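Notes to accompany the following structure.
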Amino acid sequence: MMNIHAPSSPKLNLVRLPHGAGLDLPAYETAGAAGMDLRAAVEDDMPLTIATGRRALVPTGFIFEIPEGFEAQVRPRSGLAFKNGITCLNTPGTIDSDYRGEVKVLLINLGDEDFVISRGMRIAQMVIAPVTQARVAEITETSTTARGAGGFGSTGL
Ligand SMILES: O=c1ccn([C@H]2C[C@H](O)[C@@H](COP(=O)(O)OP(=O)(O)OP(=O)(O)O)O2)c(=O)[nH]1
């Protein structure tokens, strides 16, 4: 598909697994899309039904090599969420750059009806984002600020 990304964009290597045979590669569906859609690698003759209130780990059929310094965030698709109550339970799912297993999507059905996932259905989207790893240091006292410990609505409505 089209995309606006420069040649210097991070490169995402994918390895297709046997059950991913024939599936479209994850792709940006419009020129300015932030996320690439992920497809369900369920068997053709065995669609997956997620009963209302239940969850399922849905295979994508690919191993991703997320470039170092980046992560992938697996997020729900708003259409599925709005129309069917289907969302990612652990949103945003985190795909680490050192993960070499199959990317899977943890869906939950919060809708009123059972939901059937067929092979190739676009079930979620994945955003590639830069990551910073902090250097953790234990100290005995924090610096002082105007906010202090105020939070959770302390500034009013
Ligand atoms: O929606 C998701 C979330 C995670 N993963 C994979 C990639 C990620 O790198 C790995 C570990 O995820 P996470 O760190 O969220 O899991 P954990 O529960 O902390 O397990 P672990 O101890 O394996 O890190 O699982 C997915 O395929 N899909």
Side-chain angles (χ1 to χ4, degrees), residues 1-6 8-139 151-152:
M1 273 275 166
M2 306 170 283
N3 74 67
I4 55 171
H5 306 289
S8 59
S9 298
K11 184 155 169 253
L12 179 64
N13 294 323
L14 308 180
V15 171
R16 189 185 294 268
L17 294 164
H19 58 280
L23 283 183
D24 286 350
L25 286 175
Y28 297 100
E29 295 293 324
T30 66
M36 59 182 87
D37 283 352
L38 298 176
R39 293 174 183 272
V42 296
E43 295 304 321
D44 248 339
D45 50 357
M46 221 195 300
L48 172 69
T49 298
I50 310 180
T52 177
R54 309 296 295 195
R55 59 185 183 268
L57 202 51
V58 186
T60 62
F62 290 94
I63 296 172
F64 291 58
E65 220 174 58
I66 309 294
E68 249 179 66
F70 293 84
E71 61 158 336
Q73 299 174 4
V74 180
R75 304 182 186 175
R77 294 187 66 210
S78 62
L80 285 181
F82 180 58
K83 291 181 201 149
N84 306 103
I86 297 293
T87 189
C88 297
L89 179 56
N90 58 329
T91 188
T94 305
I95 313 298
D96 303 287
S97 67
D98 58 355
Y99 178 66
R100 295 294 178 269
E102 179 179 15
V103 168
K104 296 184 179 172
V105 178
L106 180 51
L107 293 179
I108 184 162
N109 182 356
L110 302 179
D112 304 326
E113 291 172 13
D114 294 358
F115 187 76
V116 180
I117 295 174
S118 53
R119 184 169 182 82
M121 180 183 272
R122 290 182 286 134
I123 49 171
Q125 58 186 317
M126 193 180 80
V127 171
I128 303 293
V131 166
T132 302
Q133 281 189 340
R135 290 169 292 121
V136 177
E138 183 171 342
I139 57 176
F152 310 99

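Atoms within a ligand are numbered from 1 in the order they appear, just like the ligands themselves. Since this is a predicted model, take the numbers as computed values, not measurements.
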Non-hydrogen side-chain atoms of M36 and E29 separated by less than 4.5 Å
no
What's the separation between atom [atom1] in [X] and atom [atom2] in [Y], rounded to the nearest 0.5 Å?
X	Y	atom1	atom2	value
T52	N84	OG1	CG	11.0 Å
L38	F64	CG	CZ	5.0 Å
L25	R16	CG	CZ	5.5 Å

The protein residues that pass the under-4.0 Å heavy-atom test against ligand 1 are N90, G93, T94, I95, D96, Y99, E102, V103, K104
Between N109 (side chain) and I50 (backbone), is there a donor-acceptor pair under 3.5 Å?
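Pair found, side chain donor or acceptor close to backbone of I50.
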Can you tell me if D112 has over 12 outside heavy atoms packed within less than 6.0 Å of its CG?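 12 or below, so no.
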